[in-house]
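First listed ligand is number 1; within each ligand, the first listed atom is number 1.
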Amino acid sequence: MKRRFLAIAMLLLCATAARTTGVSAGTQSASGWTASIEDVRRTAALIPGRRPLRINFLKFAESRRTKNFSVKDASATPSIQARTAFQVMYPDGYVMVDAGMDLAVHRFFGRGVEEPYFPEAARQLERAVRGATLIVVTHEHGDHVAGVIHTPVAAELASKTILTRTQVQTLMSMPQMPEIRLTDELARRFVVVDYDKYFPLAPGIALIKAGGHTPGSQMVYIALESGREYVLIGDATWHMDGVRLMKGKDASWITEDRGAVLAQLTWLNGLSRTAPNLLIVASHDEEQHTELVQKGVLANRLE
Ligand SMILES: [Zn+2]
């Protein structure tokens with residue numbers, strides 16, 4: 001009852017805030033989250049230099065669940081959640097988006113059930129992370145961030161890994177699992193940034209603040225030299241049906257800001273119609289990755 005009252009109070013508060021700030025209609029939602037693709041594009045163009053040439057990804061583990069967990073009201077048909085990381089290739093180096101995880105952290109996700117883990121892919125990913133010029137993570141969950149924390153080379157990687165202030169706070173005070181808890185000492189080694197809406201990361205790349213799935217979630221917008229555009233949305237949804245149908249997850253173990261996530265799915269849905277050539281890529285949607293590889297717009301390998 002108390003929680004329900006709080007939720008209603010929050011809703012009223014947000015509605016009032018939206019009215020008093022006079023934000024124009026459109027993507028503005030009750031959660032207050034919104035974004036402008038034009039502003040994102042401008043932010044991505046701020047840092048001079050050649051833009052990226054291509055994007056690679058690799059799957060290093062899987063969760064085998066049914067689709068109804070990923071998309072509320074979907075059927076309980078089998079659905080593979082691919083655990084992946086992305087590599088954004090420049091002419092003279094690359095940026096890793098997400099950093100994978102070791103076997104110990106992988107086992108946490110199985111919750112007692114042994115799920116597929118691909119050691120050779122995990123080793124390739126470890127090498128790619130060590131060779132990266134810069135590393136950034138979509139959010140502070142183990143399958144995305146453990147590769148720069150729960151590893152013997154964490155101190156080395158931290159100096160070239162950008163975490164947001166919110167991600168650091170979550171990792172220090174309420175990490176998803178004990179293995180990724182950040183100590184004071186290690187936290188100080190990371191490059192920590194705090195930004196309001198968008199952040200220019202590298203030529204052609206902008207971060208979009210998108211707290212919801214976790215407090216420190218962000219999306220990564222990438223414009224290639226060819227003009228092709230991508231938004232890596234992390235875990236805003238686990239399956240692209242979440243964007244198509246504008247429906248959130250239905251997973252009891254996930255604590256999300258559902259209002260914010262729904263606002264993000266709604267924005268992405270709009271984007272898929274107004275910018276049909278921009279590719280919205282979910283971290284875990286195996287079906288989508290296969291389709292993008294077939295179309296030649298995503299390469300299933302690391303360099
Ligand atoms: Zn994930």
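- Listed by chain and number, the residues in a ring-ring contact (aromatic ring centres under 6.0 Å, His included) with Tyr94 amount to none (sequence neighbours excluded).
- In this structure Arg258 satisfies the side chain to side chain donor-acceptor pair (under 3.5 Å) test with no other residue, sequence neighbours excluded.
- Ring pair His144/His284: centre-to-centre distance below 6.0 Å.
- For a distance threshold of 2.8 Å, the protein N, O or S atoms nearer than that to the Zn ion (ligand 1), listed by chain and number, are Asp143 OD2, His144 NE2, Asp235 OD2, His284 NE2.
- The side-chain tip of Lys209 points at the ring of Tyr195 from less than 6.0 angstrom away and within 45° of straight on.
- Within the structure, ring pair (Phe, Tyr, Trp, His ring centres under 6.0 Å) pairs that include any residue of residues 150-178 do not occur (at least two apart or interchain).
- Aromatic pair Phe109/Trp253: centroids not less than 6.0 angstrom apart.
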